[in-house]
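Report on one structure; see the data block that follows.
Note that the numbering runs from 1 along the sequence shown for the chain. Source: prediction; values computed, not measured.
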Amino acid sequence: MSKKIPSGTTPCENKSEIIIKSVNTEVNSEQSVELSSVDSEKSEVTAPEMLSCCLYKGTNQNKSFDIVFKNIIETSSDPTDIGHFKEIVLDAQTKRFIIENGHSRPKAKGPFAKNSDGRSFSEKYYLTVSKSGLKIERSWLCYSTILQKAYCRSCWLFGDRTSTGFQETTGYCDWKHIVDGIKRHEQSHVHYISCLVYEKWFLNKTLNEELEQSIKKEKLFWRQVLERILNITLTLAMRSLPFRGHREKLGSGKGENGNFICFIELLAKYDPVLEKVINQGNNKVNYCSPKIQNELIQLISNKVENELILNIKEAPFFSIIIDTTQDISKVDQLSEIYRYCVIEKDEYGNPKNVCVKETFLAFHEVVDQSASSLSELILQNIEKKGLSIGKCRGQGYDGAANMSGMYNGLQKRIKDIEPSAAYVHCSAHNLNLVVNDAVKEITEMEIFFDVVQRVFVFFGHSIVRWRISSDLIKESNSQNGLLIKKLNPTRWAGRYEAVFALKIRFVEIQKALTKSKSVDLDNASNLLKNCYEQLKEYRCNFNDLLEEANIVAKSWSISTEFQNKRCKVVKRYFDELCTDMHLTCPESLFRVTIFNRTLDILISQISKRFSSFHELMLNFTCLQPSFLTSATDVELLNEATKLVNKYDKDISKTFTSEILAVRSTLKNQISQLKSTRDLAQLLMVKNHSLTASFPEVCTALLLFLTIPVTSASAERSFSKLKIIKGYLRSTMMQDRLSGLALISIEQETAREVDFENLIDMFAEQKLNDPLNSNAIEKFQNWFLIPKEGDYLCPRGHKLRLVERNHVQDTYSWSFKKTEIEGECVEVEIDESTFGKRKYYRGHQVEGQWVFGGIERGTNRCFLVPVEKRDKETLLTIIKDWILPNTTIISDCWKAYDCLNDEGYKHFKVNHSINFKDPDTN
C-alpha cells in the first residue's frame, strides 16, 4: 500500500524536488558515515556559562548537568531557546538535551516584538507553500523570544563552521528580507548536511563518545593522507616530471609504476600514514587514481591562478603578451601572459621595490589562427578571469600578419575595443629579423655561417670525433670549458655563441681535424640607440677590425692576405662613353662589398623596424630623467600635455603641475638617475611619503612600466611546454597540460599554497559529485529520500523517482506523475525550439527542441528536451506520459499521423489556416 508523503518532503502535483548534497563517489559505505560531518576537531566541550562551571566540579558531572537542565525547564517556557545558551558551539550532552525537548517556538501566535521599521516575525514563516497549495512545515526554523531573532536549529547545533558556505547562526532579525534569507539558507549545502546530521541524532538519540572519537580519528587520518599526496603532486608538477607509468598498481613494487606511485611507495617506508594506505589492500580508497591526480592538479593550478589573477586585478593596468607554437602532437598552443606592476612592501607595510611581473596563466588550444578567432579567444579569457579590457594598456606579439596587421590584425581588433592598448612588436623578434636581413643579402656572409654550421655537424654527428675534440679542449690551458655550438635559426644570440665558440676553440678544432624578463621601454630604447650609434661608429673603424682579425689569424696560423680574385669584365658597347670602375685591391673590395654593405643594412633596418617603438617612447619623454634635468619648464609642460592627451582616461590634467613639482623637489637626485624605472624607485620607494602628493605622476610611471617590450616570456613558456608534453606524454589532455605548466612556471606562488585550504576545497568538491548507488540506498534506508513508487501526491497519483543529470552544486530527484489519465481527458501537444541570436541580430543560433503537452482543465503538463522530432522519439514520450484512450490535439506535423493507430483519439488543426478548428473546436 502506498504511503502518503511524510513531513519534510517537498512534493508537487506534477513535479517536485528534494535537493541534497552529494557524497564522494570514491568513499565506501563505511566512510560515508562522515556525512554527519560533525566538526569534531572544532567541537570542544563547551556549553553555557552555567554548564561550563559544572564541567569541572568533581565527579558529579552528570548530576550537575541534570540540575542545570532541570532549572532551565522549570524557569522557562522555551527551555531550548538559543538565548539560554551563550556559547556558539555546544557539547554533545547539551545537544541531546535540546533535541529531546523539541524546538523553540512561542506557543502563542503573537504578537511578536516589532523593530524600528514596525516589522516583526510571523508564524507563517514556519510553513512553505508549494505551487499546488501544499503546506509543508519548516521544522528547522525556530524563534527566540529572548533574542527576538529567528534561527536555524540544525545549523546551530551541527553546522560545519569551517565550511566556506557557513552562515552565522546567532540569529536573523532583518524582517524586511526574511523571505529571501530563508530561501537562500535552506538551499545551502551546509544546511542540507546539518539537517542530515540532526535527523541521525534524532533517530539514534545519542552518538556515543567512542563513535565520535572514531569519526575524528578517521577524519584526521585522511587529511594527513591528502596532505602528503598534495605535496607529492606539487613537487612533481614544479619539476615538470611525468606522473604515470606503464601499468600502475599501488604497493606492487614493480618498475612499471610511474613517479607518483613510486614517491608514495618510497615515503611509505618511513611514514606510517602512507604505509597504512598501501597495506589496506586493493579496492579501497587511497586517492591515488589518475582521476584524483587530475583533480588535485586542477585544484592546485586553480588556486595558483586565482592568486595571480588577484594580483593582476590589484594593479592599475596590465598588458597582454601572446604567442603560439606547435606541440609534439601537432596542436597549436597559445601562451597567455599578463604584464603588470606591483609595489612590493616589507613586513611593516613600507614600499621596498617597484616590481614588473610577467605572469603566465594558461595554454589554450588554437584551432583557427585568424585574427578574429584569436581576438575572440583573448577577450573571452579576459572576461572569464574577471578582468576588464578597459585596463589593458599594451599588446606584445610577434610580427605575424594575423597578429600585427594594421587594418585587420589582432592588435587592431583589440585597439578598436580599447584604443589605449598600444601594440609593441617584440623587440627580440624584431632585432633578429634585422640581423637576418643583413646576412641573407650578402652571399659571403651566408657562406661563412654555413661553414660554422658544417663544423658543428662534422663533430656533432660522430661520437668518436666529438670525444676527440672534447678531450683536446680539456687538455688545453684555457679555463673556459666552452664547446662548439650549432647555429640557431631563430635566435641571433645563438649564432653569436656559435661563432664565439669557434673563435675560442679554433686551435683545438684544428688539432682534432688533423687527427681525423623585465626590461622596460626606456632601457630597450637606450640599448637600441647605443647599438645604432656603435654600428655607425664601427663602420668608420675598418682598420681596427682588420688589425684584430690579423692577430687572430696569426694565432691560428692562417694567412692574413686577402684572396685576389679576377675581376669580371663587362662587355662594352659602342655607344658607351666609359666603363664601370672596378676595385682591384682585395682589401678595398672586401670593405665595400661586404663590410660596409652589411653595416648599412643593419643601420637602415634598425631605423626602419623600430620606428613605431621610438614613436611610442616619444609619448613618455617627460618621464625620462635626462629630459627632466635638461628641459625648460615650457618644454616639459608641452611634453606632459601630450601624455595627458594621449591617456586622458588614466591621467588627469593635474599631471602637468605635478611633474614640475617633482622636478623641483627631487632635481638633484633625478640628475643621478639613468632610466624611468629608477625614477619610479626614487618616488614610490625611497620617498614614498611623497606618493600621495603626486598620484598622477605615479600613475604615469606605472603605466609606462606596464607596456611590454618583448614576448620572451611566452617563448620561455614554450620551453616548459616541450618538457611537459614530450613524446611519451603526447596524449595529455589540455586541462592537465595547462595546469602542470602553470604550477611549473609560477613555482613561487605554488609553494605558498595553503594545503589545509586545498583539502577543504577538495572535500567540498567531492561533495558535489553524483551520488553512487550505495549512498542512494543508504539515504533511502534512513528515510532521507523516498523510494520509488512509495509515495502519493495530494490527489492520490503515484510518484516515481527519476534520476537527472547533476549540476554544479546539487544532485536532485524529481517526483513526477506517471501518466496523464485516460478517457474524457484532452491533451494539447506541440514542440518548439528555444534559443536566441547573439545580440538578437544576425543569423539564427541553433537552439534546443522541447516537446510538451498540457491537460485541458487541470493545466497538468510535461516538458521533455528532444534532439529530433521524428515519429519514434515523439511517440515514445507520448506513451510514457499519456495513457491510451486520451484525446490528443496537435498540429499537422507528420510524426503525429500514427496516434489513431496507437490507441489515442487524435484531432488535428492546421495553424496556417486558423488557430482553432471551427468544426471540432
Side chain to side chain, [X] and [Y], heavy atoms closer than 4.5 Å:
| X | Y | result |
| --- | --- | --- |
| Ile322 | Ile337 | no |
| Arg677 | Val354 | no |
| Ile659 | Leu623 | yes |
| Asn311 | Glu314 | yes |
| Lys391 | Pro316 | no |
| Ile724 | Met732 | yes |
| Lys313 | Lys385 | no |
| Phe655 | Thr699 | no |

Worksheet, complete the sentence: Applying ring-ring contact (aromatic ring centres under 6.0 Å, His included) to Phe718 and not counting sequence neighbours gives none
Discussion item. Phe318: which residues meet the ring-ring contact (aromatic ring centres under 6.0 Å, His included) condition with it, sequence neighbours left out?
Written reply: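 In terms of ring-ring contact (aromatic ring centres under 6.0 Å, His included), with neighbours along the sequence ignored, Phe318 is linked to Tyr338.
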Item to complete: For Glu376 and Leu379, run side-chain contact (heavy atoms from CB on, under 4.5 Å): C-alpha distance rounded to whole Å, both residues' side-chain angles, the deciding distance at 0.1 Å, then the answer.
Response: CA-CA 5 Å; Glu376 185 177 355; Leu379 293 174; 6.0 Å; no
Item to complete: Determine, step by step, whether Tyr647 and Phe620 satisfy the ring pair (Phe, Tyr, Trp, His ring centres under 6.0 Å) criterion, reporting the C-alpha distance in whole Å, the side-chain angles of both residues, the deciding distance to 0.1 Å, and the verdict.
Response: CA-CA 11 Å; Tyr647 296 98; Phe620 297 93; 5.7 Å; yes
Donor on one side chain, acceptor on other, [X] and [Y], under 3.5 Å:
| X | Y | answer |
| --- | --- | --- |
| Arg716 | Ser713 | yes |
| Asn408 | Arg413 | yes |
| Thr873 | Asp870 | yes |
| Gln747 | Arg751 | yes |
| Asp735 | Gln298 | no |
| Lys720 | Ser744 | yes |
| Thr676 | Gln624 | no |
| Asp678 | Ser675 | yes |

Item to complete: Using the ring-ring contact (aromatic ring centres under 6.0 Å, His included) rule, collect all pairs that involve residues 377-396, keeping only residues at least two apart or in two chains.
Response: none
Practice prompt. Would you verify whether the NZ or CZ of Arg736 falls within 45 degrees of the ring axis of Phe243 while also being under 6.0 Å from that six-membered ring's centre?
Written response: yes
Worksheet item: After noting the C-alpha distance and the side-chain angles of Asp650 and Arg393, does the key distance pass the salt bridge (charged side-chain N to carboxylate O under 4.0 Å, His left out) rule?
Response: CA-CA 10 Å; Asp650 308 315; Arg393 293 296 175 267; 2.6 Å; yes
Shortest non-hydrogen contact from [X] to [Y]?
| X | Y | answer |
| --- | --- | --- |
| Val850 | Val866 | N-CG2, 4.4 Å |
| Leu236 | Asn259 | CD2-CB, 3.8 Å |
| Asn402 | Gln369 | ND2-O, 2.7 Å |
| Leu705 | Ala680 | CD1-CB, 4.1 Å |
| Ser652 | Val644 | O-CG2, 3.7 Å |
| Phe363 | Ser717 | CZ-O, 3.4 Å |

Discussion item. side-chain contact (heavy atoms from CB on, under 4.5 Å), that's the test. Do Lys303 and Leu299 meet it? Break it down for me.
Written reply: CA-CA 6 Å; Lys303 186 68 175 178; Leu299 199 65; over 6 Å; no
Fill in: All side-chain hydrogen bond (donor to acceptor under 3.5 Å, both in side chains) counterparts of Gln734, not counting sequence neighbours
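Partners of Gln734 by the side-chain hydrogen bond (donor to acceptor under 3.5 Å, both in side chains) criterion, ordered by chain and then number, come out as Gln333.
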Worksheet item: Quick one: side-chain hydrogen bond (donor to acceptor under 3.5 Å, both in side chains) partners of Arg869, sequence neighbours excluded?
Response: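 Counting only residues at least two positions away or on another chain, Arg869 forms a side-chain hydrogen bond (donor to acceptor under 3.5 Å, both in side chains) with Glu831.
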To the closest 0.5 Å, what do you measure between [atom1] ([X]) and [atom2] ([Y])?
| X | Y | atom1 | atom2 | result |
| --- | --- | --- | --- | --- |
| Leu308 | Tyr340 | CG | OH | 6.0 Å |
| Met761 | Asn757 | CE | CG | 6.0 Å |
| Ile343 | Cys698 | CD1 | SG | 7.0 Å |
| Phe762 | Ile229 | CZ | CD1 | 8.0 Å |
| Leu410 | Ile320 | CG | CD1 | 6.5 Å |
| Leu387 | Leu361 | CG | CG | 8.0 Å |

Could you tell me whether the side chain of [X] and the main chain of [Y] form a donor-acceptor pair under 3.5 Å?
| X | Y | value |
| --- | --- | --- |
| Ser301 | Gly739 | no |
| Ser711 | Gly396 | no |
| Ser373 | Ser370 | no |

Item to complete: Please assess Phe627 against Glu639 for the test side-chain contact (heavy atoms from CB on, under 4.5 Å), listing each intermediate value before the final yes or no.
Response: CA-CA 10 Å; Phe627 182 81; Glu639 294 298 330; 3.5 Å; yes
Item to complete: Might you confirm whether atom CD of Gln326 has over 12 heavy atoms from other residues, nucleotides or ligands at distances under 6.0 Å?
Response: yes
Practice prompt. Assess whether atom CD of Glu867 is packed by more than 12 heavy atoms of other residues, nucleotides or ligands within 6.0 Å.
Written response: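 Check fails, neighbour count at 12 or below.
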Tell me which donor-acceptor pairs under 3.5 Å the side chains of residues 418-426 have, and how far apart each pair is, sequence neighbours excluded?
residue: Glu418; atom: OE1; partner: Lys649; partner atom: NZ; Å: 2.9
residue: Glu418; atom: OE2; partner: Ser420; partner atom: N; Å: 3.2
residue: Glu418; atom: OE2; partner: Ser420; partner atom: OG; Å: 3.4
residue: Glu418; atom: OE2; partner: Lys649; partner atom: NZ; Å: 3.3
residue: Tyr423; atom: OH; partner: Asp398; partner atom: O; Å: 3.0
residue: His425; atom: NE2; partner: Gly399; partner atom: N; Å: 3.1

Practice prompt. Before giving the answer on side-chain contact (heavy atoms from CB on, under 4.5 Å), spell out for Gln411 and Tyr397 the whole-Å C-alpha distance, their side-chain angles and the decisive distance to 0.1 Å.
Written response: CA-CA 8 Å; Gln411 62 98 2; Tyr397 317 131; 3.9 Å; yes
Response to the item:
Per side chain to side chain contact (heavy atoms under 4.5 Å, CB included), Glu307 is matched among Val753, Thr359, Thr749 by Thr749
